Amino acid sequence: MTVASDAHTDHTPGAPAPLAAAYQPAEVESRRYEQWVSGGYFRADATSDRPPFTIVIPPPNVTGSLHVGHALDHTIQDALVRRRRMQGYEALWLPGMDHAGIATQNVVERKLASEGLSRHDLGREQFVERVWQWKAESGGAILGQMRRLGDSVDWDRERFTMDDGLSRAVLTIFKKLYDDDLIYRAERIINWCPRCLTALSDIEVDHSDDEGELVSIRYGDGDDSIVVATTRAETMLGDTAVAVHPDDERYQHLVGREVELPLTGRRIPIVADTHVDPAFGSGAVKVTPAHDPNDFEIGQRHNLPSITIMDERAVVTVHGPFQGLDRYEARPAVVAALRAQGRIVAEKRPYVHSVGHCSRCKTTVEPRLSLQWFVNTGPLARAAGDAVRDGRVRIEPAELAKRYFAWVDNMHDWCISRQLWWGHRIPVWYGPDGETVCVGPDDEVPTGEGWRQDEDVLDTWFSSALWPFSTLGWPDETPELARFYPTSVLVTGYDILFFWVARMMMFGLYAMDGRQPFDVVALHGMVRDQFGKKMSKSFGNVVDPLDWIDRFGADATRFTLARGANPGADVPVSEEWCQGSRNFCNKLWNATRFALMNGATTQGPLPEHAELSSVDRWILSRLQHVIAEVDEQFEAFEFAKVCDTLYHFAWDDVCDWYVELAKPVLGAGGPAADATRRVLGHVLDALLKLLHPVIPFVTDELWSALTGEATLVRGPWPSADPAYLDDAAEAELAALQRVVTEVRRFRSDQGLKPGQRVIATLRGLPGAGLAAHEPLIRSLARLDAPEEGFAATASLAIAGGVDVELDTRGTVDVAAERARLEKDRAAAEKEAAQCRAKLGNPAFVDKAPDAVVAKIKDRLAVAEADLARIAAALEALPTS
RNA sequence: GGGCGCGUAGCUCAGCGGGAGAGCAUCCGCCUUACAAGCGGAGGGUCGCAGGUUCGAACCCUGCCGCGCCCACCA
């Protein structure tokens, strides 16, 4: 039998728990998350008197699982919320998901297609039922991923854009907008997807440069003929005019007259319109009001008829020979027919031009005249712009506000009807005599013969635009709404600044009587690979966050993402960097192990100032700086800097120096050791708290082991205490580090083994303020005290006035040492020369600030002193 | 066609008016009693190019070259 016992059997509360030899994330993560949820630590109380802090999650689409971009988004939000929670705020992070209308419908339709079915085979009701089934599956997977990530969301408040409450909010605002004449129904040109068979808003259309063929066609004959160009020849069947610029002298004589439209026998007018660019092509444009947005507007201006020539599947419906042809069949057929008549005067192939595609299925969009519902965005968009202009809402980083203004200040009316089945059905009923009734949540639905509801559903962004207040109970005046609105920060990628943020602003300000939906919009970038490339399946560089969590831990995954997250900037990540983050977590683990093995404690106050060594005072001073920096960086959403600051403090200051300096003190015992145990406990306590928002699992586990407390989820958050700032101690430790580093460098250059005994004298320590530290320096630099027969064979001149004379007889490599000193001398000479040059320049001495001149003088003095010592050291070298 | 941003060490980036930095990678030496997922040390950059402002420029201004993103109704 041994005395060693299992780590979890004999641990009593309040006593430090023994830690395993290395951090094993999996077990800790599941145990801690369970503890956090069952302890109710993430629940936000609408009735407490703490200051509120609210973030509503950008609801993930129920189309699949979370990708690494979500992991970034969630890590940032979780860090913000966790810090506020530790600071004593009533912190609410509200989770939920988006029904994602067209995207989800497409996913389910694809699944059906693999069974050989279409949605029409099932019918509307059954199809929607299938989508709800899918939502249950996919949504469950997403919630599981959020748990793995460690998201500290309030699970009791989870919402879905199609749950009862949010549907009620949709009806309420639709009615309000309708009554305020901000929603209307009109026949307009809209983007139409002939595959999805629905209207699309501008932002659901992706433009790309595609190859096409530009053909020039002669309309009319003889003196009355005019040439127009098009990439969509089939649309000429619907032409109702030709337009020229009013100032274009070439066509003055034709304006007001008619020409014959080939193939159709129709005669169409020539109109003058300033939209036409006289410099492009022939300077004449064919006008197809029913199939082109510009042409539609020209048609409106000149009272032209609109002739729809294609159905919703983009199949031609007119003119015998072409009837029944798909647009891509009709196009060459029309060109061939025109060519047969000798009307094709020029062809340009390939001709690259911008073409719109359905963002969901990539089908080329066909502009189409149709009857749709629109939101009149004018007044709403103006208010949305003003809220940022007058500073009520801050966009971080500020540069991206320009993009926001460009968008809201030029917004077209928003087409909100979609010819889909999955979504909020438009709450409008049409009566038998043409009556139209908009029905709010508490209104009676019209009954009786002939009444029917609009078949269409609302654009998915209509409901997500309500997210910041609908999730808090609006339209009811709930305690949650009163307490948690406006939300504090909206965290999202800059890619949906327009899609979502601008719309939440419009509806939030409108529904909440001018109160903004959030105070700050904190934008982050896209996650990319280690070479800055976009992640794509075809390129094979996609990272699955769950894979990293499995292999390196949730904390390592989060730290890797946060470490690259500068405001608005893209975040490059790689597996190697995640390994580095894992190593960092393990470093913290081992540092805490060391502390516990040596009796570090967080019990009781820190020792009095007089009992603290300068080493203790140094690390405490550094800690105050770090706390202040981290607070500033958090407030500025500079997560990369937060991580960098804490990484270097933990690894360099605490582990590499403080712990190493503490070892001999702890070994010696006595009051000094006791003070060090308290300081070490205090520093680790603060460090773990500062890191907790970013890497919650490992820090909570270690903090519990260190303090015996259950969890630090509720804080407190450390605050900087200026009383512990100590410039003298910092200067002293900097000098100590210089001496130790120089000796180590000497040993390394000399090829001395770490075990190799080196005896040395240390001169000048009192002058450098290091008198008390000789034992520590000897310990860290592995220098033995001089003994009988000591003879210096090498000398190190160290900035700050310390000389180390070493007796390395039998081991020193004179040539190597000489080379080392020569290199140092060259560096010092360069430094001195630079300083002298500056000081020799009267303009510099005259115009530069005194502090800068004084600094240069100091540098020169140091360099000159170094040169003197190096010269002496070279002199002392054996000549052979 | 407009707008925004970026070019700093092999890679990814920080620094943004007074001594060129970090992480990873590379090289050398170490199982030094918390940690080899570690320790110690080293090498590596005319800060895209050309002008200008300044006592002084990676940093401010102008132009050029090369990248990236966003918006837009190029028939």
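Each chain gets a letter, A, B and so on, in the order the sequences are listed, and its residues count up from 1. Note that the structure is a prediction, hence the values are computed from the model and not measured.
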Any side-chain N or O of [X] below 4.0 angstrom from OP1/OP2 of [N]?
{"X": "A:Lys663", "N": "B:rC35", "answer": "no"}
{"X": "A:Asn586", "N": "B:rG38", "answer": "no"}
{"X": "A:Trp407", "N": "B:rC4", "answer": "no"}

Assign [X] to base, sugar-phosphate, or nothing according to its heavy-atom contacts below 4.0 angstrom with the strands shown.
{"X": "A:Lys533", "value": "nothing"}
{"X": "A:Glu399", "value": "nothing"}
{"X": "A:Arg582", "value": "base"}
{"X": "A:Arg593", "value": "sugar-phosphate"}
{"X": "A:Arg747", "value": "nothing"}
{"X": "A:Val573", "value": "nothing"}
{"X": "A:Ser574", "value": "nothing"}
{"X": "A:Asp846", "value": "nothing"}
{"X": "A:Cys835", "value": "nothing"}
{"X": "A:Tyr494", "value": "nothing"}

Side-chain donor or acceptor of A:Lys402 under 3.5 Å from a matching atom on the base of B:rC4?
no

Measure the acute angle between the ring planes of A:Phe584 and A:Tyr647, then classify it against the limits of 30° and 60° as parallel, tilted or perpendicular.
tilted

Are any of the side-chain nitrogens in A:Glu575 or A:Arg551 under 4.0 Å away from the carboxylate oxygens of its partner?
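Yes.
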
Rounded to whole angstrom, note down the [atom1] distance from [N] over to [M].
{"N": "B:rG23", "M": "B:rC65", "atom1": "C1'", "value": "30 Å"}
{"N": "B:rC67", "M": "B:rU54", "atom1": "P", "value": "35 Å"}
{"N": "B:rC4", "M": "B:rA72", "atom1": "C1'", "value": "15 Å"}
{"N": "B:rG7", "M": "B:rC60", "atom1": "P", "value": "11 Å"}
{"N": "B:rC16", "M": "B:rG21", "atom1": "P", "value": "15 Å"}

Roughly, in whole Å, what's the span from [atom1] in [X] to [atom2] in [N]?
{"X": "A:His412", "N": "B:rA72", "atom1": "NE2", "atom2": "C1'", "value": "9 Å"}
{"X": "A:Gln737", "N": "B:rC39", "atom1": "CD", "atom2": "P", "value": "15 Å"}
{"X": "A:Asn410", "N": "B:rC71", "atom1": "CG", "atom2": "P", "value": "13 Å"}
{"X": "A:Asp652", "N": "B:rC39", "atom1": "CG", "atom2": "C1'", "value": "13 Å"}
{"X": "A:Tyr404", "N": "B:rC69", "atom1": "OH", "atom2": "C1'", "value": "20 Å"}
{"X": "A:Asp273", "N": "B:rA75", "atom1": "CG", "atom2": "P", "value": "17 Å"}
{"X": "A:Leu702", "N": "B:rC35", "atom1": "CG", "atom2": "P", "value": "15 Å"}
{"X": "A:Leu523", "N": "B:rC4", "atom1": "CG", "atom2": "P", "value": "18 Å"}

Between atom [atom1] of [X] and atom [atom2] of [Y], what is the distance when rounded to the nearest 0.5 Å?
{"X": "A:Asp295", "Y": "A:Thr235", "atom1": "CG", "atom2": "OG1", "answer": "7.5 Å"}
{"X": "A:Ile777", "Y": "A:Gln737", "atom1": "CD1", "atom2": "CD", "answer": "11.0 Å"}
{"X": "A:Cys415", "Y": "A:Arg188", "atom1": "SG", "atom2": "CZ", "answer": "9.5 Å"}
{"X": "A:Asn566", "Y": "A:Phe639", "atom1": "CG", "atom2": "CZ", "answer": "10.5 Å"}
{"X": "A:Asn191", "Y": "A:His357", "atom1": "CG", "atom2": "NE2", "answer": "12.5 Å"}
{"X": "A:His412", "Y": "A:Thr377", "atom1": "NE2", "atom2": "OG1", "answer": "8.5 Å"}

Tell which nucleotide pairs with [N], taking only Watson-Crick or G-U wobble pairs whose two distances are both under 3.5 angstrom.
{"N": "B:rG19", "answer": "none"}
{"N": "B:rA58", "answer": "none"}
{"N": "B:rC47", "answer": "none"}
{"N": "B:rC69", "answer": "B:rG3"}
{"N": "B:rG10", "answer": "B:rC24"}
{"N": "B:rU33", "answer": "none"}

Check A:Val388 against A:Tyr404 and note the closest heavy-atom contact, atom names and distance.
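Heavy atoms of A:Val388 and A:Tyr404 come nearest at CG2-CE2, 3.4 Å.
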
For a quick check, with a 4.0 angstrom heavy-atom cut-off, what is the B/S/- contact string for nucleotides 9-19 of chain B, read 5' to 3'?
--SS-SS--BB

On RNA chain B, nearest-nucleotide positions of A:Arg745 versus A:His648: which is more 5'?
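The residue whose closest nucleotide sits nearer the 5' end is A:His648.
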
Starting the side chain at C-beta, find the nucleotide from [options] nearest to [X].
{"X": "A:Val276", "options": "B:rA75, B:rA37, B:rG43", "answer": "B:rA75"}
{"X": "A:Lys587", "options": "B:rC35, B:rA75, B:rA22", "answer": "B:rC35"}
{"X": "A:Arg403", "options": "B:rC35, B:rC69, B:rG41", "answer": "B:rC69"}

If you count the non-hydrogen atoms of other residues, nucleotides and ligands that lie under 6.0 Å from CD in A:Glu632, is the total more than 12?
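Count not over threshold, so no.
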
